[in-house]
Amino acid sequence: MKTKVLGTKMFLAGEWISKEETIAVCNPQDDSLITNVPAASAEDMLFAIEQAKEGAQRAASMPVHQRISILNKAANYINKNSEKYAETIALEGSKTINQARAEVKRCIQTLQISAEEARRIQGETIPFDQREGSEDRLGYYYRFPIGIIAAITPFNDPLNLVAHKVGPAIASGNAIIVKPATVTPLSALLLAEAFEAAGLPPKVLSVITGHGGEIGDLLITHPAIRMVSFTGGLETGEKIAHKAGLKKISMELGSNSPVIILKDADLPEAVEATVSGAFYAVGQNCLGVQRVYIEQDIYDEFCSEFVARVSQYRVGDKMLETTDMGPLINEKEAIRVEKWVNEAVEKGATLLIGGKRDGAYYSPTVLTDVPADCTIAQQEIFGPVVLLYPVDDFASAIEKSNDVDYGLQAGIFTKDIEKAFEAIEKMNVGGIMINDSSDYRIDGMPFGGVKGSGLGREGVKFAIQEMTEPKVVSFKLNYKKTV
């Protein structure tokens, strides 16, 4: 299956721009060339920022009905061209064609939700007379756009995670400059194409392709940028936070997600959900199931059924509808995962299934008996590997689940509502899914974590809160209220 991808141009302040210096975009499945995109220079980024200053003024002056119309038209454009978008996601990334189609649907919903939330950016009246001496004052607050937003996006959801930044930015009247992942820029460029077709005024949106080392620091440190919205790894996120300066920062930095399986759980449901949660998108999912804590009474049965389900996974050509799992984003990542697994096995872990690499492919892998000091036990794997642990009781499962420097989302399978609520209270995460995998998410919910998993929240309504500021208005009246 082939598709004609957007040529070799980037979207700079409303214009499609070519550059002599380019970056190859390759299919990770066979390393074949898809196309080349411009390698933007520092001068290009400076130009984009200068143009975005005017873009921010245009965006802020757009009436809400116009923002709503543009967002809905962009969503409709993507819907009409959905297969092109899906094929592009699958070609440049790791998702299978079925997973890519699901991402396109979510992107459409994200833009539609953004359109709906644009009409709900509201303030409140303030009772100033709550303070003695202020009986003659009346006022309110409203929310206004912050200006120019810098968005740095990852490779694993190259369309919808860009939409999660662009949609709320436009809904709230901001300009936005997107620096997509170097390996998967095409989906972000297709999103820009949709907004151009929808009539977004020039200079409000730029999608700049290039090397992070060349343009990334300039984007995040420039004083005109009022917010940095970053999705990626913890190490990079910490560097950005130190460099960014006095501006808003929103960061989703991944996880090491736990799921607890209690002995009263619906076992087939728990197996199916955790297998899917562990290996969806080759495990390159910030919400992906990495650690599973199973009560001792059902541990052997769960492991057996889990491995049996994993053995049915079909690994191969991601463009085939029958494929469950394709390659990682590149061979380098597959080698890293292989190294982490081998380290765990050398330290005493048991390999139940998988553990084989073929280029950028790494087979779905299940480990048990993993020592706590292994890299794979503490860090985000971001690959198709899951760790199974027996626990003596519920309290131990909670304690072990919390014993990492991440806290994005978690899951628990149980029919006991008391234990479900205890987990809700005691698990140190940004979201907990009851009788569901840790990777469950809808685009309208607040999304983010605690500890090393990030700062702030995404999800359209909550991103809009981050992308706006409240302004207080107080009127001192010339008459006294009658009593």
Side-chain angles (χ1 to χ4, degrees), residues 28-29 89-90 93-96 98-100 102-103 154-158 161 181 183-184 231-234 252-259 271-292 306-307 309-316 318 323-345 349 351-368 370 374-389 404 406 408-411 433 436-441 453:
Q29 184 159 289
I89 291 169
S94 294
K95 286 186 172 178
T96 66
N98 290 332
Q99 293 167 351
E103 183 177 345
F155 69 81
N156 56 319
D157 287 290
L161 286 184
V183 291
T184 56
T231 302
L234 174 58
E252 194 276 283
L253 303 178
S255 193
N256 180 326
S257 297
V259 173
V271 167
E272 188 63 32
T274 49
V275 169
S276 173
F279 301 114
Y280 186 86
V282 207
Q284 295 170 140
N285 177 7
C286 58
L287 295 172
V289 177
Q290 183 165 326
R291 297 171 292 141
V292 185
F306 193 94
V307 171
R309 180 67 184 91
V310 173
S311 69
Q312 298 170 1
Y313 251 55
R314 294 160 294 191
V315 179
K318 58 187 174 171
T323 298
D324 293 310
M325 201 177 87
L328 279 87
I329 192 61
N330 53 44
E331 187 174 11
K332 180 182 177 182
E333 282 297 291
I335 291 171
R336 177 190 58 79
V337 171
E338 179 183 44
K339 180 180 178 181
W340 286 13
V341 170
N342 290 346
E343 178 205 22
V345 171
L351 181 66
L352 296 186
I353 191 172
K356 297 177 181 178
R357 184 180 67 82
D358 180 11
Y361 283 90
Y362 196 82
S363 57
T365 297
V366 182
L367 294 173
T368 61
V370 179
C374 293
T375 306
I376 209 165
Q378 295 295 324
Q379 300 300 318
E380 183 180 27
I381 297 173
F382 223 63
V385 184
V386 65
L387 318 180
L388 307 183
Y389 298 93
V404 294
Y406 291 100
L408 188 52
Q409 287 193 178
M433 310 297 121
D436 224 330
S437 162
S438 63
D439 77 328
Y440 179 76
R441 178 188 181 187
S453 286

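Using modelled atom types, one side-chain atom of Glu380 and one backbone atom of Ser255 make a donor-acceptor pair closer than 3.5 Å. Judged purely by atom type and a 3.5 angstrom limit, Gln284 has no side-chain atom pairing as donor or acceptor with the backbone of Ser94. Looking at Asp439, its side chain never comes within 3.5 Å of a backbone N or O of Gly288 through a donor-acceptor pair. Put simply, the side chain of Thr184 never gets that close to the backbone of Gly93: no donor and acceptor are under 3.5 Å apart. With hydrogens and angles disregarded, a donor-acceptor distance shorter than 3.5 Å links the side chain of Gln409 to the backbone of Tyr440. Between the side chain of Gln290 and the backbone N or O of Ile381, at least one donor-acceptor pair lies under 3.5 Å. With Glu343 contributing its side chain and Thr375 its backbone, the two residues share a donor-acceptor pair below 3.5 Å. Between the side chain of Arg291 and the main chain of Ala377, no donor-acceptor pair closer than 3.5 Å is present. Between the Thr365 side chain and the Gly355 main chain, a donor and an acceptor come within less than 3.5 Å of each other. Side chain of Thr323 to main chain of Val315: no donor-acceptor pair is present (N/O by atom type, distance under 3.5 Å, no hydrogens or angles).
Across every non-hydrogen atom of Glu252 and Cys286, the tightest pair is OE1-SG, 3.2 Å. Residues Ala181 and Pro154 approach most closely at CB-C, 3.6 Å, considering heavy atoms. Closest heavy-atom contact between Ser437 and Gly277: OG-CA, 3.6 Å. The shortest heavy-atom contact between Ala344 and Val370 is CB-CG1, 4.4 Å. Closest approach of Pro28 and Ala360 over heavy atoms only: O-CB, 3.7 Å.
For the pair Val385 and Ile376, the minimum side-chain heavy-atom distance is below 4.5 Å. In this structure, Glu331 and Arg357 have side chains that are in contact, with non-hydrogen atoms separated by less than 4.5 Å. In this structure, the side chains of Val282 and Pro327 stay at 4.5 Å or more apart for every pair of heavy atoms. With a 4.5 Å cut-off on side-chain heavy atoms, Leu352 and Phe306 do not count as touching. Side-chain contact between Asp157 and Lys95 is present, with heavy atoms from C-beta onward closer than 4.5 Å. Between Asn156 and Thr231, every side-chain heavy-atom pair lies at or beyond the 4.5 Å cut-off. Here the side chains of Gln379 and Asn256 are not in contact, with every heavy-atom distance at 4.5 Å or above.
With rounding to the nearest 0.5 Å, the separation of CD in Glu333 from CZ in Arg336 is 4.5 Å. A distance of 5.0 Å separates CG in Leu287 from CG in Leu408, rounded to the nearest 0.5 Å. Atom CZ of residue Phe382 and atom CH2 of residue Trp340 lie 11.0 Å apart, to the nearest 0.5 angstrom. To the nearest 0.5 angstrom, Ser257 atom OG is 10.0 Å from Met433 atom CE. To the nearest 0.5 angstrom, Leu367 atom CG is 11.5 Å from Ile353 atom CD1. One finds the CE atom of Met325 at 8.5 Å from the OH atom of Tyr313 (value rounded to the nearest 0.5 Å).
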Tell me, with the steps shown, if Phe279 and Val310 meet side-chain contact (heavy atoms from CB on, under 4.5 Å). CA-CA 9 Å; Phe279 301 114; Val310 173; 3.6 Å; yes

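In terms of the side chain to side chain donor-acceptor pair (under 3.5 Å) criterion, Tyr280 has no residue partners (sequence neighbours excluded).
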